[in-house]
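Quick notes on the structure that follows.
Fair warning: this is a prediction, and the values are worked out from it, not measured in the lab. Counting begins at 1 with the first residue of the sequence.
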Amino acid sequence: MTYATLTKLLGLTIDEALLELALTHSSYAFENGKQPDNERLEFLGDSVLGFLVTEHVYQTNPDLDEGQLSRLRNASVSAKALAVAANQLGLGKFIRLGKGELATGGSEKVNILADAMEAIIGVAFISSGLDGSRTIVDKFIIPLINAEDVFLETSEPRTVLLDLLKKQGKPEAVFEVAHVGPDHDRTFFAEVLVAGELVAKGEGRTRKQAEANAAIAALKTLRG
């Protein structure tokens, strides 16, 4: 896939040199004579993205309070959500990485993909203003808010679960966590109990991840 193909997917006309800069990771820049990297564009894109998503969730969710709007926005602009969008575009194939990052699968790392996506939004703003950035956000970010499975994985599932149980008039969830393995290689197993009854289970490499996966499973069960 070429830059021309990428710009066609984006639906914008973007200068190739600027697009290449947006896809230049700091590791590549450092290894090649400390060239410019995409961090400034990432900074710009992050701010533009935050505004556009905030505008969208505010206008489309008139019944949500400030806390609920904040959680919805934060989930939509999280690294996981941005990485999903980046993968839809195939950005991993384009990101210029240093040898170390290439060797460790940098093109598939969530944070690297998310940063590149923000840089692309920054480039769109420079090239076509707010409308240009909005084109990308509307096409690749906003749909994630309405994709339940994707959204649950990129939100704060424990908080979402708490809100759902409250609305259903049920007591708060209790998480019970156990682990196996040595300190350096543990696997955690979490169970979600509501009113003493097991609702769902989850596992992960950390306690937080196991609890999050269990909460996601519980949300799917309760929404049923």
Side-chain angles (χ1 to χ4, degrees), residues 1-16 18-28 37-39 41-57 59-61 71-97 101-102 104-157 160 209 212-213 216 219-220:
M1 193 159 66
T2 63
Y3 281 154
T5 305
L6 180 57
T7 55
K8 186 175 181 180
L9 287 173
L10 292 171
L12 297 170
T13 300
I14 298 175
D15 178 75
E16 187 170 306
L18 196 55
L19 188 60
E20 186 174 80
L21 176 59
L23 296 166
T24 300
H25 188 256
S26 57
S27 61
Y28 180 94
D37 59 36
N38 65 0
E39 291 182 355
L41 288 171
E42 172 199 337
F43 169 79
L44 175 61
D46 175 68
S47 296
V48 175
L49 171 66
F51 168 75
L52 290 173
V53 170
T54 298
E55 178 186 52
H56 174 81
V57 299
Q59 292 179 344
T60 57
N61 297 278
R71 288 194 291 274
L72 184 57
R73 178 193 60 200
N74 293 343
S76 305
V77 301
S78 70
K80 287 183 179 180
L82 290 171
V84 170
N87 281 324
Q88 290 176 350
L89 276 166
L91 284 190
K93 301 174 183 177
F94 291 99
I95 301 173
R96 301 201 296 172
L97 299 166
E101 287 293 352
L102 283 172
T104 56
S107 63
E108 298 178 358
K109 291 181 180 178
V110 169
N111 286 339
I112 289 178
L113 288 168
D115 291 347
M117 192 68 201
E118 287 181 334
I120 290 292
I121 293 169
V123 161
F125 180 79
I126 291 173
S127 300
S128 305
L130 195 59
D131 286 341
S133 295
R134 195 188 306 275
T135 296
I136 296 175
V137 172
D138 284 351
K139 189 173 182 180
F140 295 101
I141 306 297
I142 299 304
L144 298 180
I145 299 175
N146 300 319
E148 183 175 314
D149 289 342
V150 174
F151 179 67
L152 288 177
E153 292 177 8
T154 59
S155 65
E156 303 168 30
V160 177
Q209 184 181 62
N213 288 335
I216 289 170
L219 283 164
K220 290 181 179 179

Closest non-hydrogen atom pair, Ala75 against Ala81: O-CB, 3.5 Å
Using the side chain to side chain contact (heavy atoms under 4.5 Å, CB included) definition, which of the options Ile121, Ile120, Asp115 pairs with Glu42? Asp115
Could you measure the distance from the CZ atom of Arg134 to the CG atom of Leu49? Nearest 0.5 Å is fine. 12.0 Å
Quick check: closest heavy atoms across Ala86 and Leu113, and the distance to 0.1 Å? CB-O, 3.7 Å
Which pair of non-hydrogen atoms, one from Tyr3 and one from Glu20, has the smallest distance, and what is that distance? OH-CG, 3.5 Å
Check whether more than 12 heavy atoms from other residues, nucleotides or ligands sit under 6.0 Å from atom CD of Glu108, and answer yes or no. no
Could you check whether any side-chain N or O of Lys109 sits under 3.5 Å from a backbone N or O of Glu101, counting only pairs where one atom can act as donor and the other as acceptor? no
One should read off an interatomic distance between Ile112 CD1 and Leu23 CG, to the nearest 0.5 angstrom, of 12.5 Å
Just verifying a value: how many Å separate Thr5 OG1 and Leu89 CG, rounded to the nearest 0.5 Å? 12.0 Å
Determine, stepwise, if the pair Val77 / Ile141 fulfils side-chain contact (heavy atoms from CB on, under 4.5 Å). CA-CA 8 Å; Val77 301; Ile141 306 297; 5.6 Å; no
Give, for atom CG of Leu130 and atom OG1 of Thr135, the distance between the pair rounded to the nearest 0.5 Å. 9.5 Å
Is any side-chain heavy atom of Met117 less than 4.5 Å from a side-chain heavy atom of Ile136? yes
Atom of Glu39, atom of Ser26 and distance for their closest heavy-atom approach: OE2-CB, 3.6 Å
Evaluate the side-chain contact (heavy atoms from CB on, under 4.5 Å) criterion for residues Val137 and Glu55: first the C-alpha distance (whole Å), next the side-chain angles of each, then the deciding distance (0.1 Å), finally the verdict. CA-CA 12 Å; Val137 172; Glu55 178 186 52; over 6 Å; no
What's the shortest heavy-atom distance between Val123 and Ile14, and which atoms? CG1-CG2, 3.2 Å
Write down the atom of Thr13, the atom of Ser127, and the distance for their closest heavy-atom approach. O-CB, 4.1 Å
OG1 on Thr24 to CG on Leu97, rounded to 0.5 Å: 9.5 Å
Pair Asp138-His56, side-chain contact (heavy atoms from CB on, under 4.5 Å): steps then yes or no: CA-CA 9 Å; Asp138 284 351; His56 174 81; 5.6 Å; no
Between Ser133 (side chain) and Phe125 (backbone), is there a donor-acceptor pair under 3.5 Å? yes
Nearest 0.5 angstrom please: Leu44 CG to Glu118 CD, how far? 10.0 Å
Check against side-chain contact (heavy atoms from CB on, under 4.5 Å), Ile126 and Asp15: CA-CA 10 Å; Ile126 291 173; Asp15 178 75; over 6 Å; no
